[in-house]
Amino acid sequence: AQKITQTQPGMFVQEKEAVTLDCTYDTSDPSYGLFWYKQPSSGEMIFLIYQGSYDQQNATEGRYSLNFQKARKSANLVISASQLGDSAMYFCAGYLGSARQLTFGSGTQLTVLP
Amino acid sequence: NAGVTQTPKFQVLKTGQSMTLQCAQDMNHEYMSWYRQDPGMGLRLIHYSVGAGITDQGEVPNGYNVSRSTTEDFPLRLLSAAPSQTSVYFCASSRRLSRQGKWEAISGNTIYFGEGSWLTVV
């Protein structure tokens, strides 16, 4: 079954510290794409980072990096130097195999403490 | 959000009315899609398109219609609004998807979302 699992419903992090949000995926197809999105309380879905299954290196975008471990089927998001504005819901999503749509995880609510 | 524009941002409809949610992207993306996000349900695919003139149904297509006459635009039409269609609607686009709807894991094939359209049907 094509599935994305986020096991952390809520996370707290101190401002300026790094935080890792967990994501595991399940697919047997070699071709897939993994995404992280940020959804603040205003509701928009903001793209953060993408990792294709054939990409040789872990993706990085500014303060965001993706710890991609294919053998473990994990794609954890690392946010370095957390800021108060990082407080939001974070979704891991995957375009897995023959599925015709993005499969979303249940999300992690991140709260950055001053 | 890079280059996906949705309008309107907020809309209130009466049951039975019709309306069109507009979506445009300026990134020359082949693939465009519409999702709805309901509380506790996550995002569900309504319709998608892998190129101009090609559309297909997603998980929850009933009550919605789409067309793709140009690469840039992918409007979503509600034919006869119902309270069950009260939701947040997101348009999304990406560079490549196969004609069978299969993902192409090429570098940079990112899926971008519009800012969302909040629709209430009373």
Side-chain angles (χ1 to χ4, degrees), chain A residues 2-6 9 25 27-62 64 66 68 70 75 88-109, chain B residues 1-6 9-10 27 29 31-50 55-61 87-119:
Chain A
Q2 326 275 17
K3 194 175 177 183
I4 298 284
T5 302
Q6 293 180 255
Y25 58 94
T27 182
S28 56
D29 197 296
S31 180
Y32 52 89
L34 298 164
F35 306 82
W36 278 92
Y37 292 94
K38 172 185 177 182
Q39 190 171 42
S41 56
S42 51
E44 65 266 36
M45 196 70 74
I46 302 168
F47 164 75
L48 296 177
I49 200 164
Y50 161 74
Q51 181 87 41
S53 57
Y54 299 125
D55 291 343
Q56 295 296 313
Q57 303 207 347
N58 286 355
T60 59
E61 294 279 355
Y64 305 107
L66 208 151
F68 183 45
K70 242 179 174 177
M89 180 71 85
Y90 287 80
F91 288 100
C92 179
Y95 218 105
L96 306 175
S98 59
R100 295 186 299 167
Q101 65 181 32
L102 271 178
T103 300
F104 279 79
S106 53
T108 297
Q109 181 69 47
Chain B
N1 290 312
V4 181
T5 305
Q6 284 182 238
K9 193 169 175 73
F10 300 98
M27 298 174 281
H29 283 174
Y31 172 70
M32 297 185 74
S33 59
W34 279 100
Y35 287 81
R36 58 179 288 175
Q37 184 179 27
D38 302 311
M41 298 284 290
L43 274 75
R44 293 181 292 169
L45 182 67
I46 305 171
H47 286 284
Y48 70 96
S49 168
V50 298
T55 64
D56 204 349
Q57 295 181 352
E59 182 184 353
V60 288
S87 187
V88 184
Y89 291 84
F90 288 97
C91 178
S93 77
S94 71
R95 188 150 57 101
R96 289 282 299 275
L97 199 74
S98 74
R99 286 178 180 260
Q100 293 74 35
K102 184 171 167 56
W103 181 251
E104 296 200 31
I106 56 177
S107 180
N109 200 12
T110 307
I111 298 181
Y112 293 100
F113 283 85
E115 293 187 338
S117 296
W118 276 252
L119 176 66

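In this text, all values refer to a predicted model and were calculated from it rather than measured experimentally. Just so it is clear: chains get the letters A, B, ... in the order the sequence lines come, proteins before strands, and each one is counted from 1.
In this structure, no portion of B:Ser33 lies under 4.5 Å from any heavy atom of chain A. Neither the backbone nor the side chain of A:Thr103 has a heavy atom closer than 4.5 Å to any heavy atom of chain B.
To the nearest 0.5 Å, atom CD of residue B:Gln6 and atom CD of residue A:Glu44 are 11.0 Å apart. Taken from CG in A:Leu48 to OG1 in B:Thr110, the straight-line distance is 11.0 Å, to the nearest 0.5 Å. Once rounded to the nearest 0.5 Å, the distance linking CZ of A:Phe35 with CD1 of B:Ile111 reads 4.0 Å.
The side-chain hydrogen bond (donor to acceptor under 3.5 Å, both in side chains) pairs that include a residue from residues 46-57 of chain A number zero, where partners must be two or more places apart or lie in different chains. Applying the side-chain hydrogen bond (donor to acceptor under 3.5 Å, both in side chains) test to every pair with at least one member in residues 28-41 of chain A, sequence neighbours left out, gives these pairs: A:Tyr25-A:Tyr32, A:Asp29-B:Lys102, A:Gln39-B:Gln37.
Proximity of A:Leu102 to B:Leu43: side-chain heavy atoms (C-beta onward) are nowhere separated by under 4.5 Å.
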